[in-house]
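Notes follow once the structure below has been shown.
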Amino acid sequence: MINYSLNCSNDHRFDSWFQSADAYDKLRLAGMVSCAVCGDTNVDKAIMAPSVRPARNTAPDAGTMPTPERALSAPANPAEEALAKLRRHVEQTSDYVGDRFAREARAMHEGDAPERAIHGEARPDEARALIEDGVPVAPLPFNTGRKTN
């Protein structure tokens with residue numbers, strides 16, 4: 001695996017992992033590498049400093065200790081931080097209803113259930129029907145599901 005720092009033509013910088021340098025080249029030529037911020041597929045490798053670790057048998061010098069790398073789960077840029085903040089807000093201020101989202105939203109809209117903030121999943125046809133019927137819903141820019149790989 002190899003981690004590249006990438007830039008899009010809109011000057012957004014982001015990191016991504018690839019199986020190999022050849023895999024990156026093939027995916028980029030196929031238009032399958034896109035900006036994590038804006039979706040632009042005009043992406044190039046950015047200049048990167050190598051990550052060099054001291055030899056295992058040397059004692060660490062407090063003045064030259066490398067700073068710990070950012071955890072992969074930590075936001076890499078302001079846009080990712082804003083999405084993480086929005087996700088925390090949604091999860092703290094609304095009820096997760098899973099795949100019952102369409103039924104719950106419709107029941108609240110029709111007055112058959114008390115109104116409250118909810119989030120969950122809906123199939124595309126369910127979401128389309130809610131919108132066509134005037135039920136106020138909006139897609140979230142992140143996965144709210146409880147499923148993990």
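- Under the 4.5 Å side-chain contact rule for hydrophobic residues, I131 and L140 do not share a cluster.
- Considering CZ of F14 and SG of C38, their distance stands at 8.0 Å, rounded to 0.5 Å.
- Using a 4.0 Å cut-off between a side-chain N of Lys or Arg and a carboxylate O of Asp or Glu, E81 and R88 qualify as a salt bridge.
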May I have the step-by-step check of salt bridge (Lys or Arg N to Asp or Glu O under 4.0 Å) for D99 and R123, ending in yes or no? CA-CA 8 Å; D99 60 2; R123 294 188 321 265; over 6 Å; no
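- R87 has a carboxylate O that lies under 4.0 Å from a charged side-chain N of E91, or vice versa, which qualifies the two as a salt bridge.
- Sparse packing is recorded around CE of M32, with 12 or fewer heavy atoms of other residues, nucleotides or ligands lying under 6.0 Å away.
- The two residues F101 and H119 have their closest heavy-atom pair at CD1-C, 3.9 Å.
- Residues E104 and D95 form no side-chain contact, since every pair of their non-hydrogen atoms from C-beta on lies 4.5 Å or further apart.
- Within a 6.0 Å radius of NZ in K26, other residues, nucleotides and ligands contribute 12 heavy atoms or fewer.
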Do M108 and I118 pass the side-chain contact (heavy atoms from CB on, under 4.5 Å) test, and can you show the C-alpha distance, the side-chain angles, and the key distance before you say yes or no? CA-CA 10 Å; M108 286 188 291; I118 62 171; 3.4 Å; yes
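- Ring geometry for Y24 versus F18: interplanar angle over 60°, hence perpendicular rather than tilted (30 to 60°).
- A distance-only check finds a donor-acceptor pair linking the side chain of D40 to the backbone of S9 [under 3.5 Å].
- At a threshold of 4.0 Å, the pair R106-D112 does not count as salt-bridged, since none of the basic side-chain nitrogens sits closer than that to a carboxylate oxygen.
- Atom CD of E110 has more than 12 heavy atoms from other residues, nucleotides or ligands within 6.0 Å.
- Between R116 and V97 there is a side-chain heavy-atom pair separated by less than 4.5 Å.
- Using a distance-only test at 3.5 Å, with no hydrogens or angles considered, no donor-acceptor pair links the side chain of R13 to the main chain of S5.
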May I have the step-by-step check of side-chain contact (heavy atoms from CB on, under 4.5 Å) for K45 and L6, ending in yes or no? CA-CA 4 Å; K45 293 180 204 172; L6 304 170; 4.1 Å; yes
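- I2 approaches A21 most closely through the heavy-atom pair CG2-N, 4.2 Å.
- With contacts defined as side-chain heavy-atom distances shorter than 4.5 Å, the pair S16/V33 does not qualify.
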